[in-house]
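Side chains are part of it too, since the values below use all heavy atoms of this structure and drop only hydrogens, waters and symmetry mates. In what follows, every chain begins at residue 1, and chains take the letters A, B, ... in the order their sequences are listed.
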Number of protein chains: 2
Amino acid sequence: MSSSLVLYSYWRSSAAFRVRIALNLKGLRYETRAVHLLQNGGEQHAPDYVALNPQELIPALVDGDKVITQSMTIVEYLDETHPTPALLPADAASRARVRALTQVVACDIHPLGNLRVLQRIGMQFGADDEQKGVWMRHWIAAGFQALETMLANSKDTGRYCHGDTPSMADLCLVPQVYNARRWKMSLDEYPTILRIDAACAELDAFHQAMPEQQPDAPK
Amino acid sequence: MSSSLVLYSYWRSSAAFRVRIALNLKGLRYETRAVHLLQNGGEQHAPDYVALNPQELIPALVDGDKVITQSMTIVEYLDETHPTPALLPADAASRARVRALTQVVACDIHPLGNLRVLQRIGMQFGADDEQKGVWMRHWIAAGFQALETMLANSKDTGRYCHGDTPSMADLCLVPQVYNARRWKMSLDEYPTILRIDAACAELDAFHQAMPEQQPDAPK
């Protein structure tokens with residue numbers, strides 16, 4: 001008996017994008033409930049949503065009577081409750097490699113370029129769009145330089161970030177590459193990242209999770 | 001046969017503090033190698049360290065021939081390789097609750113107040129110490145408001161963040177509370193956080209991990 005899955009999502013959110021890829025890789029059906037981050041004063045701040053996620057951030061997954069927040073928590077939860085196909089390798093050292101690749105994006109790139117952070121540097125420091133772009137590209141470059149080294153120098157890197165099946169690392173990487181393109185970053189210095197991104201793009205699970213494919217994307 | 005553990009640490013790093021607590025909770029002996037983030041142009045940028053961690057961030061754990069980076073990856077690795085006492089509960093929903101509490105700190109508070117971010121807002125926006133304090137307190141408050149709600153409203157909260165044994169959530173929370181005090185934040189609005197922090201402070205594993213207890217702390 002499978003319970004119904006509901007994903008509170010925003011088409012262009014990197015974090016929701018990760019969870020959509022995980023759901024697709026697992027072959028799980030889910031209902032999308034769109035939370036528009038820019039309309040109505042930010043629908044993530046509406047009382048109904050705040051009751052689900054006091055952080056007022058996207059995404060949240062509802063699985064029957066359970067509410068799971070934090071994108072990488074959701075992905076680990078899906079991997080534990082629906083183990084096949086696995087999104088982490090079997091041995092502890094390889095799992096650590098994948099989680100570390102994941103957290104370069106999820107802890108050290110993405111949180112610095114969230115909508116709320118861009119709003120904050122505008123409000124506190126008067127940053128305009130150009131300065132916001134400089135800020136974004138600075139942090140993405142710092143993370144991608146490390147990731148490129150970690151990927152290019154390891155024999156464990158395969159068609160994807162870890163071997164020849166997609167893992168948690170890929171579902172973090174691809175939304176961050178999408179985001180980098182949105183900020184018009186040159187990615188020439190990151191050939192391994194680009195190669196893996198292109199390999200992922202050939203998979204339906206990634207393609208169907210793209211922002212433009214979402215029901216709440218602008219027409 | 002246990003391999004030797006070496007932790008590359010800085011006494012005041014929140015992320016290293018988390019790993020020290022995990023090592024202590026597991027009763028694991030380890031050698032500390034101090035990496036001074038502010039001396040010699042930042043020892044985390046020295047070639048020997050960059051070879052271990054291309055992110056040039058603290059901490060890194062060396063376990064025999066393996067190098068593990070990213071604090072929460074290290075903690076998950078230690079929990080998988082040394083399962084007792086467990087730092088995550090047994091069932092998937094509870095594990096998700098603990099990981100989500102963890103990631104409020106590890107993804108949404110701490111990365112915004114890292115040394116490199118404070119250096120960056122100084123360089124890019126001319127932020128002085130007072131403005132850096134405003135920035136820090138803003139993000140800690142945003143995260144602590146959510147955490148306080150998540151902890152105070154759940155029957156799963158016990159003496160610690162999840163039940164009556166310390167978990168990954170506690171080893172993230174305590175260093176963040178330490179950091180908040182350093183930035184002279186009023187914590188009166190967060191009584192549940194303060195209660196759990198005080199409970200943790202009674203445990204040797206937390207006390208021995210405190211910045212002031214480290215070999216590289218200033219005398």
Side-chain angles (χ1 to χ4, degrees), chain A residues 15 50 53-57 61 63-74 76-81 91-93 95-104 106-112 114 116-117 120-121 123-127 131 134-135 138-139 142-143 145-150 153, chain B residues 15 50 53-57 61 63-74 76-81 91-93 95-104 106-112 114 116-117 120-121 123-127 131 134-135 138-139 142-143 145-150 153:
Chain A
V50 177
N53 184 0
Q55 276 203 283
E56 307 179 24
L57 294 172
L61 182 77
D63 180 6
D65 60 354
K66 299 178 203 64
V67 182
I68 323 279
T69 58
Q70 285 285 347
S71 63
M72 295 317 297
T73 292
I74 297 171
E76 293 262 7
Y77 172 81
L78 290 172
D79 208 40
E80 292 181 355
T81 52
D91 68 290
R95 292 163 74 84
R97 177 173 184 265
V98 170
R99 284 201 179 102
L101 292 169
T102 295
Q103 291 173 5
V104 174
C107 298
D108 292 327
I109 303 178
H110 175 254
L112 291 157
N114 243 337
R116 61 184 195 147
V117 175
R120 182 76 201 172
I121 63 174
M123 200 179 317
Q124 188 173 346
F125 304 121
Q131 288 170 318
V134 170
W135 171 269
H138 173 80
W139 295 116
Q145 280 161 22
L147 272 180
E148 179 65 26
T149 302
M150 293 163 81
N153 291 356
Chain B
V50 177
N53 184 0
Q55 277 203 282
E56 308 179 23
L57 294 172
L61 182 77
D63 180 7
D65 60 354
K66 299 178 202 66
V67 182
I68 322 279
T69 58
Q70 285 286 346
S71 64
M72 294 317 296
T73 292
I74 298 171
E76 293 262 6
Y77 172 80
L78 290 172
D79 208 40
E80 292 182 355
T81 51
D91 68 289
R95 291 163 75 83
R97 177 173 184 266
V98 170
R99 284 202 180 100
L101 292 169
T102 294
Q103 291 173 5
V104 174
C107 298
D108 292 327
I109 302 178
H110 175 254
L112 292 157
N114 242 338
R116 61 183 195 147
V117 175
R120 182 77 200 170
I121 62 175
M123 201 178 318
Q124 187 173 346
F125 304 120
Q131 287 170 318
V134 170
W135 170 269
H138 173 79
W139 295 117
Q145 279 161 22
L147 272 181
E148 178 66 27
T149 302
M150 293 163 80
N153 291 356

Enquirer: Between A:I74 and chain B, with a heavy-atom cut-off of 4.5 Å, which part of the residue counts as in contact: side chain, backbone, both or neither?
Expert: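 The answer is neither part of A:I74.
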Enquirer: What option among A:L112, A:N114, A:D108 has the most heavy-atom pairs under 4.5 Å with chain B?
Expert: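 The candidate making the most pairs under 4.5 Å is A:D108.
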Enquirer: Between B:V117 and chain A, with a heavy-atom cut-off of 4.5 Å, which part of the residue counts as in contact: side chain, backbone, both or neither?
Expert: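 Contact with chain A: backbone and side chain both.
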Enquirer: Counting heavy-atom pairs under 4.5 Å with chain B, which one of A:G126, A:S71, A:A96, A:G143 comes out on top?
Expert: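 Winner by heavy-atom pair count: A:A96.
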Enquirer: Is it the backbone or the side chain of B:W135 that comes under 4.5 Å from a heavy atom of chain A, or both, or neither?
Expert: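 For B:W135, heavy atoms of backbone and side chain both lie under 4.5 Å from chain A.
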Enquirer: Which bit of A:V50 is near chain B, if near means a heavy-atom gap under 4.5 Å: side chain, backbone, both or neither?
Expert: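 A:V50 has no heavy atom closer than 4.5 Å to chain B.
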Enquirer: Under 4.5 Å heavy-atom distance to chain B, tell me which part of A:T69 shows up: side chain, backbone, both or neither.
Expert: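 Both parts, backbone and side chain.
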Enquirer: Which residues satisfy the salt bridge (charged side-chain N to carboxylate O under 4.0 Å, His left out) test with A:R120, sequence neighbours excluded?
Expert: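 If we apply the salt bridge (charged side-chain N to carboxylate O under 4.0 Å, His left out) test to A:R120, skipping adjacent residues, there are no hits.
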Enquirer: Need one label for B:Q131: side chain, backbone, both or neither, based on atoms under 4.5 Å from any heavy atom in chain A.
Expert: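 Both parts, backbone and side chain.
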Enquirer: Based on non-hydrogen pairs under 4.5 Å, which of A:I68, A:L147, A:V104 is most in contact with chain B?
Expert: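 Answer, by heavy-atom pair count under 4.5 Å with chain B: A:V104.
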Enquirer: Output all residues satisfying salt bridge (charged side-chain N to carboxylate O under 4.0 Å, His left out) with B:R99, sequence neighbours left out; order by chain, then residue number.
Expert: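 With sequence neighbours excluded, B:R99 shows a salt bridge (charged side-chain N to carboxylate O under 4.0 Å, His left out) to A:E76, A:E80, B:E76, given in chain and number order.
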Enquirer: Is the shortest heavy-atom distance from the side chain of A:I121 to the side chain of B:Q124 under 4.5 Å?
Expert: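 Sidechains of B:Q124 and A:I121: no contact.
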Enquirer: First locate atom CD of A:Q145, then atom CD of B:E56, and finally report the distance between them rounded to the nearest 0.5 Å.
Expert: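 A:Q145 CD to B:E56 CD: 8.5 Å, rounded to 0.5 Å.
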Enquirer: Rounded to the nearest 0.5 Å, what separates atom NE2 in A:H110 from atom SG in B:C107?
Expert: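 Atom-to-atom, A:H110:NE2 and B:C107:SG are 9.5 Å apart.
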